[in-house]
Structures are given as C-alpha cells and as structure tokens.
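This report concerns only the one structure given below.
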Number of protein chains: 2
Amino acid sequence: MNDSREHPDDRPDDTRATLVAAARALFAERGYDGASVRAITSRAGANLGAVTYHFGSKEELYNEVVATMIRPMRDRVGAVARRPEAALDRLEAVVEVYFDHFSANGDLPHFLVERIASGQLPPPAVLATMRAVLQTVSGIVAEGQADGSIRPGDPVLMTLSVIAQPVYLSLVHAPLRTAMGVDIASDHLVAHARRFVRAGLSSSPAEAP
Amino acid sequence: MNDSREHPDDRPDDTRATLVAAARALFAERGYDGASVRAITSRAGANLGAVTYHFGSKEELYNEVVATMIRPMRDRVGAVARRPEAALDRLEAVVEVYFDHFSANGDLPHFLVERIASGQLPPPAVLATMRAVLQTVSGIVAEGQADGSIRPGDPVLMTLSVIAQPVYLSLVHAPLRTAMGVDIASDHLVAHARRFVRAGLSSSPAEAP
DNA sequence: GAATCATTCATACGTTCGTATGAAAACGAA
DNA sequence: TTCGTTTTCATACGAACGTATGAATGATTC
C-alpha cells in the first residue's frame, strides 16, 4: 500500500537528506535510543552503513537533525526582534513564532528537552539557540522596561517564563489529547499564551485586543 | 573511599527500597535507556536478578520510582487547594509547592517529561498526577474568576500556563548554569514565578508584595 | 576506455542489554 | 530440627545494538 521508503523516487545523492528526514521522524517517535540505525536506514531505503558513511555516527546524525529543525526558528526569532514595534508586541510575536514553528515541526519540542530529561546536555544546536534567544528576548524585555511598558524584574527570568509557554504547552498538547481527553485547538492555545505572556510582563492591566 | 552501595548497613529485606533509591538516581542521571539493570543493581549492592524478582521488570521498577517521587506532591497540591485563602494566593502556593518538591527531588522534572520527549506516554503515576492537578488547579482558577480576582479565560489553559512555570524553569535550571553560565538562585526563581503567575492571571495590576 | 573517486552494499564483530533459570542460602513456623 | 517459603546468587540465553570492513557498483575526469 504505502512505500516504506521516505522518497520512492529519490534522485541519486540525496541519500543524506533522506536519512535526515527518516531520522527526524523516528527520533521523534521513539526517542534517541529507541530509534535504531537499522530502523532509520531501512525507513530511508538506504543501506545500514549509510549513517556511518554520511555522518560518521548516529550521534552526529542526531545533531544534524536537530540543527536542521531548529536553525530556521532561531533566525525567525531574530527577525521578529528587529521589528520596529512595541516591546510587548514583539514578545507576543516571539511566542507566536515558537508556536508556529512547532506547528510546522510538531516534533521539535521533543528534541528541545529530550537530552535534558535524560540528564545530559542538549545537542549543540539547541544550546546555541537557547543562548541566542535568551540574549535577544531579554534585550526586548529590557527595552520594554526602559520605556515603562514592562514591569521591573530580571529580564532573563522573564525570558524563561515567556519561552516556557510555547515549549511546555506544545509538549503536553499531544498527551493531553490522547491520554487525558483534553483537546485544545491550536489557535486557542496560541491566543491564550500571548495573552498570558503579555499580562505576566505588562506594567499596566491588560488592554482589550 | 565511598561504598559503592546505596546503604552500607542495610537491614535484610529492604533490598526493594534500596533498589528504588539507586534506580531513581540512575534514571535521573542517564535516562531510562541509559540506566541499565546491571548498573542499578550494582549501585544498590544487590544481585542482577533482584529487579526481576522484586518488580517483575525494569519498566515496573521505573513506574515505581516515578510513583514514589510524585505521589507526595500530588497530595501537597491537594492540601494547598483546600486552604481558605484567596484564589490567587492558593495558586501562588501551588507554584511554590512545585518548586519546593522539585528542590527536594531535583530529578523529578526529568521524569515528568522524559517519556513525552521520547514520543511515548508518561508513566501512569505522572498521568494520574496531571489529571488530579489539572482538575484541582482549574477549580481554583474558576473560583477566582467567579469572585472577579482572576481575568476571564479557559481555566484549563490557565492551569497549564501556571504549571509550565515550575516545570520548565526547574528543567532548564541545571543546563543553564552548567552549559550557559546563567546561575539563578532558587529563591529568586520561585519569587519570580509567583509574581509572573499572579500577574498573568490577575484581573487587576499586580500590587506590591 | 582507463583511472580515479564517491557511494552503496552485504556481512561480520564485539558489546551490551533485559530477562530466564535453577541452585544456594536465609528465614520463619512447627 | 525440619519443613516450606522467601530471597539471593552465579550464570546463561537470545536478541538488538552501533560500528567496521572490504568488495561491488556508479559516476567523473582525463
């Protein structure tokens, strides 16, 4: 019925990209240890040795997968931060970017926390993004505090509280639905998180939208 | 120098408890797959067969570890919810309970999200706690909305936003310090999260403490 | 068309894993 | 003490893992 390979008509030489796609799906479904090299190469329609040949090791393939997924998001956050808008509006936009990118890459939140949850350090690409976002967003917060629109407080802590919303909400979204019968529409989720973040940071009571 | 076993002077018959303690530490340090039965039994000073004998399987030992860690927290949240205080104060107290319990069980957040991050369902004890907390806390939110102290909005979403704070902040606390040089004092973390939650839910601007 | 390089392939190696097995030891009740 | 039960122990099994190896194949260049 359905072809077991990721790309039935792959042109030669994109074995590498096919591997990344298959690995991304399997890492998200089963976690790092649960996704064997054999399962990945089989799903990609490639030979068992392909991972070693193209990436050197399973670990490096994992890093590549994570980097591929997360890099565009880092860029989008950076772009939003440079907009000529009010600080609170840009922070809402950051929240929206997170949700939007998670929606297009529904498995990204898994990669963000999987290593941390296993007591290890996140992969390099995640660390780099955390660093960049922390700096960018806390800069926006500081601007908002300077112009009086955001209440006082440690900008780094405020940034973490902002990021916690899309990450945690997206992470529990699926289990909430499948295991607890709590079904939340994505746009409600985003709208709520934006309001919550604005209210949590604002120095004045939330104005109606 | 230090004994490799968990309890050098264990009385007979608490092998079971010693296994749970050793397993908890190793699961937290290395994740489920990273903590082998051999490593666990060796750390507990027990025989390799002890896990099968006392728990039936590694999976059931894991469930037992998680249940042991999370059950007291569920009770504490329930107790806080029944206090005769204002809704927002009780919600702050819930946040404090989370942080406090995480502080005494620094590895609990790992267990809360490990399975989710690997694309699986959380262990039964985590699901049960999520259910209970969701119901309890969203009840408090609804009360606060009824008396006008909390702004309108879906109580379930608001609950998730509240819980996101202690969970995410505790989760990233260690990697932030060790890998990114961001060192945050625990009491600052708690105080910030309480303020952020109150501000995010309150129907009036935050009053000075 | 031969030579060079890149890629694919089948297969094998050594390790580690969770669990099973059955004997040995410890324990408690009679 | 003796019997029956519970708990420990050493060891074995089969499976799955990541990676290495070297031959085969394909593509590119001269």
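Taking atom NE2 on B:His54 and atom P on C:dG18, their separation rounds to 18 Å, with Å as the unit. Following rounding to the nearest Å, A:Tyr53 (OH) and D:dA23 (C1') show an atom-to-atom distance of 15 Å. Spacing between atom OH of A:Tyr32 and atom P of D:dC17 amounts to 13 Å, rounded to whole angstrom units. We find that CZ of A:Phe55 is positioned 15 Å from P of D:dG18, with the value rounded to whole Å. B:Arg30 places its CZ atom 13 Å from the C1' atom of C:dT16, with the value rounded to the nearest Å. For B:Leu61 and C:dC17, the CG to P distance is 15 Å, given to the nearest whole Å. Following rounding to the nearest Å, B:Ile40 (CD1) and C:dT16 (P) show an atom-to-atom distance of 17 Å. Protein atom CG of A:Asp33 is 11 Å distant from nucleotide atom P of C:dG18, rounded to whole Å.
The OG atom of A:Ser118 sits 5.0 Å away from the CD atom of B:Glu114 when rounded to the nearest 0.5 Å.
Remark: the backbone N or O of A:Arg38 is paired with a side-chain donor or acceptor of A:Thr41 at under 3.5 angstrom.
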Kindly give the atom pairs (protein nitrogen or oxygen, nucleotide nitrogen or oxygen) under 3.5 Å for nucleotides 19-21 of chain D.
| residue | atom | partner | partner atom | Å |
| --- | --- | --- | --- | --- |
| D:dT19 | OP2 | A:Lys58 | N | 3.0 |

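The pair B:Glu92-B:Arg195 does not meet the salt-bridge criterion, since no charged nitrogen lies less than 4.0 angstrom from a carboxylate oxygen.
For the side chain to side chain contact (heavy atoms under 4.5 Å, CB included) test, residues two or more places apart in sequence or in another chain that qualify with A:Pro123 are A:Tyr62, A:Asn63, A:Val66, A:Arg115, A:Val126.
Under 4.0 angstrom from either OP1 or OP2 of D:dC17 there lies at least one side-chain N or O belonging to A:Ser36. Remark: A:Thr15 is not in phosphate contact with C:dT7, judged by side-chain N or O atoms under 4.0 Å from OP1 or OP2.
Figure legend: cation-pi geometry between B:Lys58 and B:Tyr32, with NZ or CZ positioned under 6.0 Å from the six-membered ring centre and within 45° of its axis.
The environment of CD in B:Glu60 is crowded: more than 12 heavy-atom neighbours from other residues, nucleotides or ligands sit within 6.0 Å.
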